[in-house]
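Notes to accompany the following structure.
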Number of protein chains: 2
Amino acid sequence: MARKTKEEAERTRQQIIHAARQVFHECGVSRTSLEHIAKAAGVTRGAVYWHFANKAELFFAMQEQASTPLMARLDDLLLVEGSTDPLQGIEQALKEFFRTLDEHPEIRQTFETMASRCEYVDEFAPVQVEVNKPAMDFLDKVEIAYRRAQERGVLRAGLEPHAIALDTWAFACGLFHHLLAGCPEVDWRQQVPDMIAAHIALRR
Amino acid sequence: MARKTKEEAERTRQQIIHAARQVFHECGVSRTSLEHIAKAAGVTRGAVYWHFANKAELFFAMQEQASTPLMARLDDLLLVEGSTDPLQGIEQALKEFFRTLDEHPEIRQTFETMASRCEYVDEFAPVQVEVNKPAMDFLDKVEIAYRRAQERGVLRAGLEPHAIALDTWAFACGLFHHLLAGCPEVDWRQQVPDMIAAHIALRR
DNA sequence: TTTTATATACATACATGATTGTATATAATC
DNA sequence: GATTATATACAATCATGTATGTATATAAAA
């Protein structure tokens with residue numbers, strides 16, 4: 001086939017990423033061939049190699065397209081805890097975060113692939129490290145919020161902000177991971193808000 | 001080479017599993033060829049195919065050799081919470097569990113591979129489901145322990161055993177996952193006992 | 001107890017299929 | 001007319017599974 005216009009080319013690029021997301025999720029990253037992705041996108045490997053240097057680069061593009069908005073959302077949510085009760089702020093932020101994940105199937109699918117259909121070795125090892133960074137930011141911001149809650153007297157006496165921030169962090173990681181990689185037989189999504197509420201209630 | 005005695009054969013089998021653990025961890029399951037494993041074990045693919053039908057079966061053997069003792073240990077730990085304070089029982093059980101993981105590099109290495117160097121699709125998908133089962137058992141037993149704590153009056157008023165069991169479960173999953181798949185730059189292992197203590201303290 | 005037959009524990013050789021990256025062709029856009 | 005966005009063709013590699021070879025452990029027969 002022949003040359004396409006710039007907009008058409010960009011659309012093909014997105015089609016390829018879209019197809020990659022599906023096939024990665026179904027077959028796992030390693031077992032997915034570029035031929036497989038190309039076919040799913042309705043193009044040939046030629047188009048794939050034109051837009052991406054190799055499978056890893058395609059994966060990175062897909063991953064960034066999901067990570068960037070989700071992590072931006074998390075940042076946002078943790079910022080607006082200013083005016084109201086900080087504890088409720090954290091609770092709302094967590095609820096909203098998981099609701100966002102629930103309401104965006106594409107983002108969710110990418111993170112599911114990242115959680116249990118990808119091997120973090122060689123070129124993929126850095127992804128694991130990068131994904132860890134937002135988790136650390138989360139930890140810091142939650143600690144700050146707990147400190148503020150302490151100052152305002154809404155935190156139960158005797159609780160250390162750093163310690164309970166770590167606890168919240170582990171809790172959130174566990175939830176996150178099990179929503180993405182847990183077996184789909186048990187549907188946790190219903191219970192998430194209640195779990196978050198109970199988690200925060202322990203601090204009042 | 002010629003026939004070996006039964007004990008020698010069992011030893012080569014273990015050597016193969018041992019080599020697989022190392023190479024899987026270094027290269028990821030998908031990128032590891034049986035040739036690679038064979039070479040690392042000092043045998044040929046002939047030996048590997050004699051003992052295992054294929055790579056998946058070898059992986060399962062390795063996985064079971066790590067899972068069985070670790071899950072048995074977890075079962076044990078959650079049983080002996082009878083006599084003493086149930087809350088302290090949970091705390092001790094969690095601490096011991098993570099200490100066990102820390103003290104057994106082979107088990108740890110296998111679980112690290114399972115956490116971030118393996119793709120749970122096709123033949124590997126059932127592993128994810130099976131690993132989930134002990135996690136459910138854990139949830140049930142912790143809830144029972146919390147109920148007992150409530151009856152004995154060591155639990156803070158107003159806490160629901162089921163809710164705080166879910167919280168403990170998510171917390172433990174988060175810890176577990178980050179110890180295995182988190183970036184190794186940050187060394188959490190030191191803080192684990194304190195985190196567990198803080199988690200339980202929230203319930204008193 | 002020696003002999004013999006067979007199953008065992010591998011090593012080696014082979015055939016096949018799958019994937020990858022690149023090189024080249026092509027037609028439309030800019 | 002040069003570049004771009006693809007398709008097609010090609011070469012090389014690699015991993016897999018199986019088939020075959022072989023020497024020895026093991027157990028039954030003599």
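Reminder, nothing fancy here: chain letters follow the sequence lines and each chain counts from 1.
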Discussion item. Within the 3.5 Å criterion, strictly below it, is a donor on B:H199 or B:T168 matched to an acceptor on the partner's side chain?
Written reply: yes

Discussion item. Any donor-acceptor pair under 3.5 Å linking the side-chain atoms of A:Q65 with those of A:Q14?
Written reply: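 Yes.
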
Discussion item. Tell me whether B:D85 is salt-bridged to B:R148, with the criterion being a basic N under 4.0 Å from an acidic carboxylate O.
Written reply: no

Discussion item. Under a 4.0 Å threshold between the charged nitrogen and the carboxylate oxygen, would B:E143 count as salt-bridged to B:R147?
Written reply: yes

Discussion item. Reading DNA chain C from 5' onward, which residue's closest nucleotide shows up sooner: A:R31 or A:G46?
Written reply: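 Residue closer to the 5' terminus by nearest nucleotide: A:R31.
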
Practice prompt. Describe the nucleic acid contact of A:T44 in one word from base, sugar-phosphate, nothing, applying a heavy-atom distance below 4.0 Å.
Written response: base

If only side-chain N and O atoms of [X] are considered, is one of them under 4.0 Å from the OP1 or OP2 phosphate oxygen of [N]?
X     : N      : answer
B:H36 : D:dA15 : no
A:Y49 : C:dT22 : no
B:W50 : C:dA9  : yes
A:T5  : C:dA28 : no
B:T12 : C:dA9  : no

Worksheet item: Of all the choices, D:dA15, D:dT18, C:dC10, which nucleotide is nearest to the side chain of B:R45 once you look at every atom?
Response: D:dT18

Fill in: Nucleotide nearest A:A9 when distance is taken to its side chain, options D:dA5, C:dG21, C:dA9
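From the listed options, D:dA5 comes nearest.
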
Item to complete: Report the distance from atom CD of B:E57 to atom C1' of D:dT16, rounded to the nearest whole Å.
Response: 15 Å

Item to complete: Select from B:E8 and B:T32 the residue whose nearest nucleotide in DNA chain D is closer to the 5' end of that strand.
Response: B:T32

